[in-house]
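Structure record follows, encoded as C-alpha cells.
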Amino acid sequence: MAWFERPQPEMGTEGDVVWRRIVAIVIDVVLIGVVSSAITGILGQIRLAFLGSLLGLLIGFGYYIYLEGTYGQTIGKMTLDIVVVTEDGDPIEYGPAAIRTVLRIVDALPAFYLIGIVAVLVTDRKQRLGDIVADTVVVRAGETAGMR
C-alpha cells in the first residue's frame, strides 16, 4: 500500500479491524500530542501558552479532518492498513470527516475512548458514535486507486 493515496476499501472487514483501530488511535494521539506539546512549549516561553493550547486543538481537529477527508486515513490508520469509508464503500469527504472528528469528544468520554470502544463492541458494523452519525465504517485498506 502506498502512503498518502486513498486505498480501495475491503468491505465487510469491519469486525476484523477493531484492534487496529485502537492502535491507530494511540499512534494518532501520540503524534498530535508531540506536535501540540512542542508548539505549546515554544509559545509558553514567550508567555503565549494559551495560544499554543488553542493551536494544538486546531491542529488535532485539522489533522483528522484533512487526512480522513483527503485520503480516508490518518497516519495511524495508514500504518495499520485501515481506511474510513461511507457505509456503501465510497470515499468519505470533509463533511463526514468533520462529523467523526467533532464526535471524538463524546467517544473519548469519560476517559480512554471508553464510549467509542463500547459502541464499537456492541454495534453490528463496529461503529463508534462518530461513525454512526457520519454514516461511515472503518475497514481494511486494499490497494490504492493508483495501483489498480
Side-chain angles (χ1 to χ4, degrees), residues 1-43 52-148:
M1 184 187 83
W3 285 63
F4 297 105
E5 291 185 31
R6 191 181 291 265
Q8 295 298 312
E10 293 182 11
M11 298 306 291
T13 60
E14 299 91 333
D16 299 338
V17 300
V18 173
W19 286 108
R20 290 181 189 200
R21 289 182 74 169
I22 292 169
V23 175
I25 289 169
V26 171
I27 292 168
D28 292 332
V29 168
V30 168
L31 286 173
I32 293 166
V34 167
V35 171
S36 297
S37 294
I39 290 170
T40 301
I42 291 167
L43 291 174
S53 297
L54 181 61
L55 282 173
L57 183 65
L58 292 174
I59 288 168
F61 277 96
Y63 172 86
Y64 284 107
I65 294 168
Y66 174 75
L67 289 175
E68 288 183 350
T70 304
Y71 307 108
Q73 302 173 293
T74 59
I75 292 172
K77 288 179 182 71
M78 289 175 193
T79 304
L80 278 291
D81 290 329
I82 55 179
V83 63
V84 183
V85 293
T86 68
E87 291 179 336
D88 296 327
D90 295 324
I92 69 165
E93 296 178 357
Y94 294 109
I99 291 168
R100 292 182 87 250
T101 299
V102 169
L103 286 173
R104 283 180 192 284
I105 297 167
V106 176
D107 282 317
L109 294 174
F112 308 113
Y113 270 87
L114 186 60
I115 289 177
I117 291 169
V118 169
V120 165
L121 294 176
V122 301
T123 56
D124 290 338
R125 299 205 63 191
K126 306 303 176 195
Q127 297 167 292
R128 63 179 181 80
L129 296 180
D131 290 316
I132 293 167
V133 174
D135 297 323
T136 59
V137 292
V138 179
V139 296
R140 281 190 194 147
E143 293 182 358
T144 58
M147 295 176 71
R148 288 185 288 156

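Nothing here was measured: the structure is a model prediction, and the numbers come from that model.
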Note to self: So which atom in Gly142 and which in Pro7 form the shortest heavy-atom distance, rounded to 0.1 Å?
What the structure shows: O-CB, 3.6 Å
Next item on the list: Name all residues meeting the side chain to side chain donor-acceptor pair (under 3.5 Å) criterion together with Thr86; count only those two or more places apart in sequence or in a different chain, and write none if there are none.
Entry: none
Check: In Å and rounded to the nearest 0.5 Å, what is the CZ to OG1 distance from Phe4 to Thr70?
Finding: 10.5 Å
Next item on the list: State which residues pass ring pair (Phe, Tyr, Trp, His ring centres under 6.0 Å) with Phe61; sequence neighbours excluded, sorted by chain then number.
Entry: none
Checklist line | Residues which pass side chain to side chain donor-acceptor pair (under 3.5 Å) with Arg20, listed by chain and number, not counting sequence neighbours | finding: none
Notebook entry, point to check: Excluding sequence neighbours, so at least two apart, what forms salt bridge (Lys or Arg N to Asp or Glu O under 4.0 Å) with Asp16?
Noted result: Arg140
Check: Under the criterion salt bridge (charged side-chain N to carboxylate O under 4.0 Å, His left out), which of Arg104, Arg125, Lys126, Arg21 is the partner of Asp131?
Finding: Arg21
Margin query: Can you tell me how far apart CD1 (Ile25) and CG (Asp107) are? Round to the nearest 0.5 Å.
Written below: 8.0 Å
Item checked: Pairs where residues 57-66 contributes a residue and the test side chain to side chain donor-acceptor pair (under 3.5 Å) is met, not counting sequence neighbours -> Asp28-Tyr63
Next item on the list: Drop me the distance from Ile32's CD1 to Ile75's CD1, to the nearest 0.5 angstrom.
Entry: 9.0 Å
Notebook entry, point to check: Is there side-chain contact between Leu80 and Trp19, with heavy atoms separated by less than 4.5 Å?
Noted result: no
Next item on the list: Mind checking side-chain contact (heavy atoms from CB on, under 4.5 Å) for Ile42 and listing every partner two or more places apart, or none if nothing turns up?
Entry: none
Next item on the list: To the nearest 0.5 angstrom, please state how far the CG atom of Leu103 sits from the CG atom of Leu129.
Entry: 7.0 Å
Check: Is there any ring pair (Phe, Tyr, Trp, His ring centres under 6.0 Å) pair reaching into residues 73-122, and which pairs are they, with sequence neighbours excluded?
Finding: none
Next item on the list: Of all the heavy-atom pairs spanning Val83 and Gly72, show the shortest one and how long it is.
Entry: CG2-O, 3.4 Å
Checklist line | side chain to side chain contact (heavy atoms under 4.5 Å, CB included) assessment of Thr74 paired with Glu68 | finding: CA-CA 6 Å; Thr74 59; Glu68 288 183 350; 3.8 Å; yes
Notebook entry, point to check: Under the side-chain contact (heavy atoms from CB on, under 4.5 Å) test, which residues partner Asp135, sequence neighbours left out?
Noted result: Glu87
Check: Quick one: side-chain contact (heavy atoms from CB on, under 4.5 Å) partners of Ala134, sequence neighbours excluded?
Finding: Pro96, Ile99, Arg100, Thr136
Item checked: Residue pair Thr123 / Glu14, side-chain heavy-atom distance below 4.5 Å -> no
Note to self: If you compare all heavy atoms of Val18 against all heavy atoms of Gly15, which two are closest, and at what distance to 0.1 Å?
What the structure shows: CG2-O, 4.0 Å
Margin query: So, using salt bridge (Lys or Arg N to Asp or Glu O under 4.0 Å) as the criterion, who are the partners of Glu10 when residues are at least two apart?
Written below: none
Next item on the list: Quick one: closest heavy-atom pair of Gln73 and Ala141, and the distance?
Entry: NE2-CB, 4.0 Å
Check: Is Val137 close to Val85 at the side-chain level, that is, under 4.5 Å between some pair of heavy atoms?
Finding: yes
Check: Where is the tightest heavy-atom contact between Pro9 and Val139, given as atom of each residue plus distance?
Finding: CB-CG2, 3.6 Å
Item checked: Rounded distance (nearest 0.5 Å) linking atom OG1 of Thr79 with atom CD1 of Ile27 -> 4.5 Å
Item checked: With Ala24 via side-chain contact (heavy atoms from CB on, under 4.5 Å) - residues at least two apart -> Lys77, Ile82
Note to self: Please find the pair of heavy atoms, one from Ala97 and one from Gly69, that lie closest to each other, and give the distance.
What the structure shows: CB-N, 3.7 Å
